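Notes for the one structure printed next.
Everything numeric in this text was worked out from a predicted model, so none of it was measured. Counting starts at 1 for both ligands and their atoms, following the listed order.
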Amino acid sequence: MCGIVGYVGEQKAAPILLDGLGKLEYRGYDSAGIAVYDGKKIGMKKAKGRLKVLSELTHDGETLPGTLGIGHTRWATHGEPSDVNAHPHLNAEESIVVVHNGIIENYMKLKKKLIGRGYQFLSDTDTEVIVHLLDYYYNGNPLQTITKIMHRMEGSYALGIIFKDHPEELYAVRKDSPLIVGHAKSGCIIASDVPAVLKYTRDVYFIENEEIVRMKKDSMEFFTVDEEVIEKESVHIAWDVDAAEKGGYEHFMLKEMYEQPKAITDTFSPRLKGNTIEIEELNMSDEEIQSIRKLMIVACGSAYHAGVTAKYVLEGMARVPVEVDLASEYRYRDALIDEGTLIIIISQSGETADSLAALRESKQKGARVLGIVNVVGSSIAREADNVMYTWAGPEIAVATTKAYSCQLIALYLLAMKFAKVRGTITESELVQYIEDLKRIPDQVELLLNNKNRIQKFANRYLAARDVFFIGRGIDYAISLEGSLKLKEISYIHSEAYAAGELKHGTISLIEEGTLVAAVLTQENLYKKMLSNVVEVRTRGAFVLAVTNEGNDQVEKAADYVIYIPKTNQYFTNSLAIIPLQLFGYYISVGKGCDVDKPRNLAKSVTVE
Ligand code: AGP
């Protein structure tokens with residue numbers, strides 16, 4: 001996610017802005033910029049690349065004098081990483097300047113209206129709409145202007161805004177994207193997150209949704225969207241910088257697990273229009289979707305596990321044949337592709353060498369390639385014919401959680417879209433799926449809040465040597481991801497196995513006390529799974545079962561049961577994976593492993 005900072009006071013703004021942006025670097029970004037009012041004009045510098053580039057461009061801020069300014073580190077969502085897409089954004093008269101963290105979901109509609117009124121856009125960003133909207137409504141009263149645009153914009157935003165003809169004032173607004181303000185260095189400071197202000201103050205005001213702040217060097221006023229003045233209490237921050245970067249969580253992985261409800265919502269909400277699925281970026285007509293004869297999903301690691309889930313969902317919902325391949329295998333097996341094949345490359349980083357190579361090979365064979373990617377402007381995103389982004393925001397922990405969850409959501413949306421277009425689901429079925437989809441964020445939240453029970457259970461298995469995850473159908477796909485999470489961050493050997501396959505050899509490894517995690521979310525397979533649970537238990541296994549609420553027959557068969565809330569058969573991975581993420585996390589913490597940076601691993605495997 002992007003980072004914003006702002007300052008108004010008696011000190012030079014630029015060095016304070018650069019320092020604040022430096023404290024937000026951990027959030028991940030691809031470009032940065034600052035704008036400072038020097039008493040006559042708004043000076044601005046912005047550039048693709050690291051903050052170092054910006055500091056060099058501005059001689060550490062010296063070239064931008066003035067005591068009122070805003071700054072930004074950009075994590076691209078709409079518009080590739082580039083100088084022109086970097087924030088801040090100015091209106092044509094250079095009298096208003098804005099920085100933004102969030103996604104304006106109706107920006108295309110607003111952009112079309114503004115272009116119709118003669119506005120010219122320099123960038124591909126959703127943010128530029130904001131500054132032209134402010135320009136359009138500006139009547140000399142910044143507060144009134146801001147409330148007007150708040151009624152027009154849909155989506156999430158934390159804004160820093162300067163109006164040239166109000167040179168003593170800095171404005172900030174919040175809806176859904178975090179924003180804090182505080183007193184600092186004979187002035188006031190705004191930021192997306194605590195680390196940027198800790199140098200100046202530990203007493204901050206957390207801005208709530210649809211609140212506006214007007215700051216001067218020695219005053220701070222808070223307003224509602226109806227321009228009513230409100231009083232706010234400051235909060236004392238006791239965290240050190242390291243804890244602050246993790247938002248108070250012990251590790252980025254835990255923080256990112258807790259970001260899953262919002263990341264999931266951010267991924268599906270722009271694509272739900274009432275009771276229809278709109279995936280504009282797919283750029284495929286209904287006829288083209290109907291003409292697809294086969295889907296080939298290619299990925300690595302957790303992205304591959306999302307693909308295995310998608311096979312069951314797409315074949316079940318859309319009745320289209322799906323092959324799923326590890327990218328490292330796919331690229332050397334001369335796969336059979338024809339004009340009726342759609343290749344889907346799933347990748348969080350968009351830079352995984354094997355997945356990128358698979359994309360290039362597919363295109364050489366004339367196939368159409370859709371990327372499902374988290375990093376905007378990454379190689380896979382740029383080279384795919386079309387790209388469907390997962391709006392998970394930057395993922396810092398090497399072990400993926402929120403990006404994986406968003407890959408699942410993107411694949412569910414694709415399956416629902418294909419199924420409706422291909423006529424394999426009815427209107428009422430689609431409505432039900434959409435209802436189920438909308439419930440997932442709250443259900444994930446519920447499961448995350450069950451973390452203490454998982455932690456207690458995990459602490460019993462810190463010395464485990466072998467852990468097995470078994471399931472059938474989608475539950476097998478869940479087992480694959482649950483096993484990888486445990487392995488990669490706790491270094492305990494683990495294996496995911498199709499439950500029906502155990503008896504063909506592997507069951508000989510089960511002995512007294514072996515932990516077996518059995519996933520039973522597919523109602524049509526409960527009976528089969530229960531017999532597999534009995535199978536391993538009679539051989540001494542301790543069985544942890546993850547199953548749907550209401551399936552209490554499992555209590556008799558398993559030793560420990562974790563229930564997940566009800567959803568439809570296709571979406572259970574999004575819920576069952578939460579306790580398994582927490583299980584792996586707490587085992588890793590209990591063993592004192594480096595949770596966020598496990599040994600031997602990289603966040604993006606850009607080499608073969
Ligand atoms: C996930 O926890 C792993 N770190 C790893 O398997 C990862 O999913 C895999 O390397 C693929 O990465 P990508 O999604 O960036 O292509």
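Protein heavy atom in closest approach to atom 6 (O) of ligand 1: Gly301 CA, 3.2 Å. Among all protein heavy atoms, the one lying closest to atom 10 (O) of ligand 1 is Val605 CG2, 4.0 Å. Of all protein heavy atoms, the one closest to atom 4 (N) of ligand 1 is Val398 O, 3.0 Å. With respect to atom 15 (O) of ligand 1, the closest heavy atom belonging to the protein is Ser349 OG, 2.7 Å. Of all protein heavy atoms, the one lying nearest to atom 8 (O) of ligand 1 is Ser302 N, 3.1 Å.
Residues Arg333 and Asp325 are paired through a salt bridge, judged by an N-O separation under 4.0 Å between the basic side chain and the carboxylate. Between Arg293 and Asp338 a salt bridge is recorded (basic side-chain N to carboxylate O distance below 4.0 Å).
Closest to atom 14 (O) of ligand 1 by heavy atom, among Gln348, Glu351, His305, is Gln348. One option in Thr352, Asp354, Leu601 has a heavy atom closer to atom 13 (P) of ligand 1 than any other, and that option is Thr352.
For the pair Arg319 and Phe418, the cation does not sit on the ring face, since its NZ or CZ is not both under 6.0 Å from the ring centre and inside 45° of the axis.
Annotation for ligand 1: atoms under 4.0 Å from non-hydrogen atoms of Leu484 are 6 (O). Of all the atoms in ligand 1, the ones that sit under 4.0 Å from a non-hydrogen atom of Ala399 are 2 (O).
In Lys485, the part holding a heavy atom less than 4.0 Å from any atom of ligand 1 is the side chain.
Here's the thing with Ser355: none of its N/O atoms is less than 3.5 angstrom from an N/O atom of ligand 1. Distances between N or O atoms of Glu488 and those of ligand 1 include at least one value under 3.5 Å.
For an aromatic pair to be called close, the ring centres must be under 6.0 Å apart, and Tyr404 with His305 fails this. Two rings, from Phe469 and Tyr497, have their centers 6.0 Å or more apart. With ring centers used as reference points, Tyr412 lies under 6.0 Å from Phe571.
Counting non-hydrogen atoms of neighbouring residues, nucleotides and ligands closer than 6.0 angstrom, the NZ atom of Lys365 exceeds 12 such neighbours. Heavy atoms from other residues, nucleotides or ligands lying under 6.0 Å from NZ of Lys456 number 12 at most.
Ring-plane geometry between Tyr461 and Phe542 is classed as tilted, the angle between the planes lying from 30 to 60 degrees on a 0 to 90 degree scale.
Using a non-hydrogen distance threshold of 4.0 Å, Cys300 registers as a contact of ligand 1.
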